[in-house]
Structure formats: C-alpha cells, structure tokens
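Below you'll find the structure, written out as structure tokens, and then a few comments.
Just so you know, ligand 1 is whichever comes first in the structure, and atom 1 is the first atom listed for that ligand. Atoms considered below: every heavy atom in the structure, side chains included; atoms not considered: hydrogens, waters and symmetry mates.
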Amino acid sequence: MYDVNEIRRDFPILSREVHGRPLVYLDNGASAQKPRVVIDAVTRFYENEYANVHRGLHYLSNQATDRYEAARASVARFLNAPGPEHIVLNSGTTLGINMVAYGWAAPRMGPGDEIVLTVAEHHANIVPWHFLRERQGVKLVWVEIEPDGSIDAEKVLAAITPRTRLVAVTQCSNVLGTMVDVKRITEGAHEKGVPVLVDGSQGAVHGPVDVQDIGCDFYPITGHKLYGPSGSGAIYIRPERMAEMQPFLGGGDMIEEVTRDHVSYAAPPLKFEAGTPGIAQAIGFGVALDYLMELGMDNVAAHEAKLVSYARERFKALNWLNIQGDAPGKAAIFSMTIEGGGHAHDISTILDQKGIAVRAGHHCAHPLMETLGVTATARASFGLYNTVEEVDKLVEGLEMAHRLLG
Ligand code: PLP
C-alpha cells in the first residue's frame, strides 16, 4: 500500500515552510529531495566511516570500498543489469554521455558519419555530439516531435542511414514529459547494426527500468534526480561496447601498471573511474536506490500516473493555460505558459510567493524550445512524494498568476 503521507515523513525538507507557507516542491525534474536514510548514510560515512576507496589496506578504507561497491551493486539491481561489472559510477548523466562521446564515439567516427537525435534532447545529450560535429565533421540528424509532443519510434528508425554510427535518444523528455519507446528504437537500430544510447536521466525516475529488456548499449542515470546526493550517477554499458571503449579520464585507480613508457589499465569498470570518486555521493546514491526499490518503482509509477491524470483534469478548466506536450502515458512533467501574458519567470516568482517551487526557463533544451516556438516555460515536475492537494495548490497559484499577468 503506497501511503504518500507516510512517505513524505521520510523527507525532512518537506515539512519546512517557504515564505511562511508549507513548501510545495514541484522542481523534481531539476533535482529531487533526499529521504532521511540517504542523509543519514552520508552523515554516518563522514562522521564515522570516512576513508578513500580501493587503495588502502586499513579497516576504514576496506569498509568504504565495500560500501562504494555495494552502491554499484544497487545500481545494477535497480537497472536490472546482468551484474555490477556493467556499471560505471560517476557524477551523473552529463559525465556518462561525455564519456561515451570521448571514449567510444570519437575514436570511431569521422567526417560524414551520422548520429541520430530527437529535437527533444537535453543539452547533455546534444552538446557532446556537437563537439564531434565541430571537431570531426560528424553530422547530427534530427528527428522532430509529433504535434502532441510524442516521439515516433519509427521516424527515429527511418532517420538511420548506412552512415549512422549511433542513435542517442532520451527515454523521457524533461520538458514535455513524453515517454519514448526506447525498446522499439533499440530493437530497430540493432537490426541495422547501430548502437543506441538511451538518456535515462528522467526516464529512470518515473518507473521501473530494465536495461536488458530495453537492450540498449548505454544507459546513463542521474543520482540527484533519483533522490540521491548531487554529484552522483552511473552509466550502464553493454559488454561489447565496454570492451570497445577507451578510458576518457586518466589517473589513479584506473591503472594496472604505469612505467615511463607504458601504461596498462585496470579491468572495467574501474578502468573508467579515474581519480578519487564521489565516495559519499555514491554511497548515498546506493541507499537512495535501495529506498526506491523498497517502495517499488511500479508503485511510484502508479502514484505519479494518478497525479498526471488529476492534474490533466484540473488544468482542463484553465483555458488560458498552455501545456506543452500531451503524449499518452506522459510522465508527471508539465511545462506551462499563460496565454496573453506573463513571462515564465514571472509565473515562477508568483508561485514561489505561495511556497510553490517550479522551474522557469529553457530547461537546457534549446532545440526543443525553438521547435515549440517558446523561449521559456514554467515547469512543474512531480515526484514520488507529491500529492493531489499539491496539484490543487498549483492550480490556485496559477489562477493567481493569471489574474496578475494575463
Ligand atoms: N538528460 C536529461 C533528460 C535531463 O533532464 C538532465 C538534467 O536535467 C540531464 C540529462 C543531465 O543530467 P545530470 O544532472 O545528471 O548531468
């Protein structure tokens, strides 16, 4: 039984006030709040257990290493990867995608080779590919969204040519909430021999993920959106791609032997984790994922689906409110503008005065904003602890914004 009020008690920050009003936190798409178990695990680590990983032979170092490796195992379970050795721990999706761009894509792509993207990608899944375009003459091939904001998997597949070397697509748009059929895209791309990177930064937050079922080659995720610490994250890499990948960062921890004229590397995944990692962050991340698995991602998905249908119903009555994206099965992300007036920043400021936190701006998705013909939206993004009462408060706040700005 999913008792959202009981779950809310796990998140200390949710009981605070902002501007004298109870906090209504609807900026989960940017970053989610942390449950007590995560905060405690990080505090405990610093207060009582801190040491560096992998290098020491002393008690604390061994324990820190065990905790760090337990986090890797939690990521593997969360994503249903075949094992922890397929998981590289890092600081988040941006690092994961850059690692693929530098370590895997750059060495195997030249002028005229193509990467297929959708216009709904976050800059994290665009800019690293622009580097390859600028530096190596790689061509970016863009797939448009449908009028309701959905992404047609068959159109993504139709964009593949004999020069396509990679399909890089989000599982969930951080602006539209659109969920993408990444399993179909992977299946179709693989039939044509093309690897697929699925940006799981938003997708992994809203429901269960099974990377083996999706079948993708790369699946980066973001710890801070998954109720873990900032600066945490991971990427699942399919074994064939892991074997092909070169290390992106060099340094300590990722080597087997270094001489004056030779270097050999540690076995993956450590080969891809140069330097001292975010140890506390990774440990907190593992605990966050254990917490989510205990709640059950199916239950989280069902709860958020209820919020989506309730919000859709309430928004219907607001005929001056424009919501970007209405794809079937969309995640609990609503990007809004008010007809006839009001910059998104003004909407956000008015909501803030009522204790409601939403994000306003371009959401790191310039090509999508250009496609939609807007410069900015106010985005309410819901998480596992949000309630229908908070949807009501949002509607009240929007009505006030409309009165003031419309
Ligand atoms: N991809 C998508 C779809 C996102 O929404 C975000 C963050 O907003 C990112 C990538 C970047 O993730 P990170 O903060 O882990 O680098």
Which segment of [X] sits under 4.0 Å of ligand 1 when only heavy atoms are counted:
X: D199; result: side chain
X: N174; result: side chain
X: E121; result: neither

Contacting atoms of ligand 1, where contact means under 4.0 angstrom from a heavy atom of G92: 15 (O)

NZ or CZ of R135 within 45° of F131 ring axis and under 6.0 Å: yes

Distance-only polar pair, side chains of Y68 and E273, donor-acceptor under 3.5 Å: yes

Looking only at protein heavy atoms, which one is nearest to [atom], and how far off is it?
atom: atom 5 (O) of ligand 1; value: Q202 NE2, 2.8 Å
atom: atom 4 (C) of ligand 1; value: H122 CD2, 3.2 Å
atom: atom 9 (C) of ligand 1; value: S201 OG, 3.4 Å
atom: atom 15 (O) of ligand 1; value: T222 OG1, 2.7 Å
atom: atom 11 (C) of ligand 1; value: T94 OG1, 3.7 Å
atom: atom 8 (O) of ligand 1; value: K225 NZ, 2.5 Å

Q212, CD atom: more than 12 neighbouring heavy atoms under 6.0 Å: yes

Ligand 1 contact by N125, heavy-atom criterion under 4.0 angstrom: no

H224 to ligand 1, any heavy atom closer than 4.0 Å: yes

[X]/[Y] ion pair, N-O < 4.0 Å:
X: E49; Y: R67; answer: yes
X: K393; Y: E396; answer: no
X: R36; Y: D10; answer: no
X: D113; Y: R108; answer: no

N/O separation below 3.5 Å, T170 to ligand 1: no

Geometric class of the Y236/H86 ring pair [parallel <30°, tilted 30-60°, perpendicular >60°]: tilted

Residue that, paired with M336, satisfies side-chain contact (heavy atoms from CB on, under 4.5 Å) out of L398, T377, N322: L398

